[in-house]
Structure formats: structure tokens, C-alpha cells
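First up is the structure itself, then whatever we jot down about it.
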Amino acid sequence: MTEQELRRTALIIPPKGRAVLCTWAAVPGLLAAPFVFWQSAPAGGLFCLLWAGVVAGVRLWACSYAAALTAGALHGYAGIAFPVHRVLPRRAVTGVQQVRSPLLRLAGVTVLVVWAPGARMLLPAVPAKQAAALARALAKELP
């Protein structure tokens with residue numbers, strides 16, 4: 001994928017990437033649930049319902065996430081009730097890192113972390129080919 005193709009498309013989280021993010025969000029609740037059920041069954045049931053709401057919120061957030069590369073900046077969009085638009089100028093980028101766990105590799109996605117002075121942009125679970133192309137495009141600007 002070339003930089004020109006990256007500029008014409010938005011990076012979104014595919015369904016397998018959303019599943020990975022929801023799995024990561026569910027794990028702490030699964031680990032804590034036995035301790036809450038140990039206190040009482042109603043408390044455990046309420047905890048499980050609340051944690052399911054948290055996982056559903058993560059899924060909704062992942063559905064709303066998008067990133068776009070322009071000639072001068074990397075734009076990140078996310079949010080359901082309160083949309084957030086983050087802009088990271090390309091000339092300010094000081095580092096790019098791709099993070100892949102076995103679960104991410106199995107889903108064909110990667111987490112891309114972009115550093116700038118005083119800022120960090122996390123692009124979670126984007127397709128691996130697009131993330132690699134974006135990392136190359138942003139690395140060209142590095143000093």
C-alpha cells in the first residue's frame with residue numbers, strides 16, 4: 001500500500017480487531033468476577049451486568065474509531081456521545097512503533113503507537129498492511 005492510497009482511505013478497526021479489543025476489555029472482569037461472587041450472588045450478578053456494559057461500550061467506541069492521513073497531519077476520530085478529533089502534525093512525529101501480540105497476529109491487525117513531543121496517538125487494532133504502510137509514511141518524516 002502506498003502513501004497515496006493511504007491518503008484516500010481511512011483506517012478503521014475491522015470486525016476481528018473489534019473482537020480482540022472486546023476480549024481485552026472482558027478479561028479483567030472475568031478475573032474479578034469470582035471474587036465478587038464470593039461476596040454474594042446478587043453482587044456478582046450486578047458486577048457481571050455492569051462489566052458487560054463496559055465491554056459493549058468498548059465495542060461501540062471501536063465502531064466509531066477512524067484515522068486518516070493527510071499531507072500534513074495524522075487525524076484520529078473516536079467517540080459516541082462526545083466525538084473527539086485529534087490531530088498530530090507529521091513534522092512533529094518523533095517515533096512510530098508497531099505492537100503485535102499473538103492474538104492480534106491471528107486477527108491480522110496491529111496496534112500502532114505514534115509519538116510526538118507532548119503527545120501520543122494510539123491506533124488500536126488497525127489492519128496490519130495499512131499499519132505498516134502508515135508507519136513507513138510517518139517514518140519518512142523522522143529526522
Side-chain angles (χ1 to χ4, degrees), residues 1-39 43-143:
M1 176 170 267
T2 66
E3 185 174 338
Q4 297 300 328
E5 291 172 340
L6 271 176
R7 289 186 189 179
R8 284 181 286 192
T9 61
L11 293 159
I12 60 169
I13 301 173
K16 286 184 179 181
R18 290 192 294 265
V20 170
L21 292 177
C22 289
T23 301
W24 285 350
V27 167
L30 291 173
L31 294 175
F35 298 103
V36 180
F37 271 107
W38 181 39
Q39 300 299 319
L46 180 63
F47 175 79
C48 287
L49 284 174
L50 290 174
W51 204 265
V54 168
V55 173
V58 167
R59 185 183 188 302
L60 286 174
W61 174 85
C63 288
S64 73
Y65 192 88
L69 181 69
T70 62
L74 177 62
H75 298 265
Y77 306 92
I80 303 159
F82 302 103
V84 176
H85 175 210
R86 293 190 65 191
V87 179
L88 196 61
R90 288 178 74 168
R91 67 180 182 276
V93 172
T94 58
V96 180
Q97 181 180 13
Q98 295 182 50
V99 180
R100 294 191 76 186
S101 69
L103 187 60
L104 288 169
R105 193 173 297 112
L106 185 65
V109 294
T110 186
V111 174
L112 192 67
V113 184
V114 182
W115 281 283
R120 182 179 307 150
M121 186 179 284
L122 182 73
L123 305 173
V126 294
K129 288 183 181 179
Q130 289 180 336
L134 181 61
R136 278 193 309 273
L138 292 173
K140 283 195 294 187
E141 301 285 327
L142 294 177

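For the single chain, residues carry numbers from 1 onward in sequence order.
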What are the two closest heavy atoms between [X] and [Y], and how far apart are they?
X: Phe37; Y: Gly44; result: CZ-C, 3.5 Å
X: Ala107; Y: Val20; result: CB-CG2, 3.8 Å
X: Trp61; Y: Pro124; result: CH2-CG, 3.7 Å
X: Phe47; Y: Gly29; result: CE2-O, 3.6 Å
X: Ala125; Y: Ile13; result: O-CG2, 3.6 Å
X: Val36; Y: Ala43; result: CG1-O, 3.5 Å

All side-chain contact (heavy atoms from CB on, under 4.5 Å) counterparts of [X], not counting sequence neighbours:
X: Ala73; result: Thr70, His75, Val87
X: Ser101; result: Trp24, Leu103, Leu104
X: Val54; result: none

Any heavy-atom pair between the side chains of [Y] and [X] that's under 4.5 Å?
X: Pro127; Y: Pro14; result: yes
X: Leu74; Y: Leu123; result: yes
X: Val126; Y: Val109; result: no
X: Val96; Y: Val113; result: no

(request) Supply the atom-to-atom distance Arg100 CZ to Leu106 CG, rounded to the nearest 0.5 angstrom. (result)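 Output value for this atom pair is 10.0 Å.
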
Ignoring hydrogens and angles, tell me if any N or O in the side chain of [X] forms a donor-acceptor pair with the backbone of [Y] under 3.5 Å.
X: Arg90; Y: Ala137; answer: yes
X: Arg18; Y: Cys63; answer: no
X: Trp51; Y: Ala25; answer: yes
X: Thr110; Y: Val99; answer: yes
X: Arg86; Y: Arg120; answer: yes

(request) Show your reasoning for whether side chain to side chain contact (heavy atoms under 4.5 Å, CB included) applies to Trp115 and Gln97. (result) CA-CA 8 Å; Trp115 281 283; Gln97 181 180 13; 2.8 Å; yes

(request) Applying side chain to side chain contact (heavy atoms under 4.5 Å, CB included), run through Leu112 and Leu11 and close with a yes or a no. (result) CA-CA 11 Å; Leu112 192 67; Leu11 293 159; 5.9 Å; no

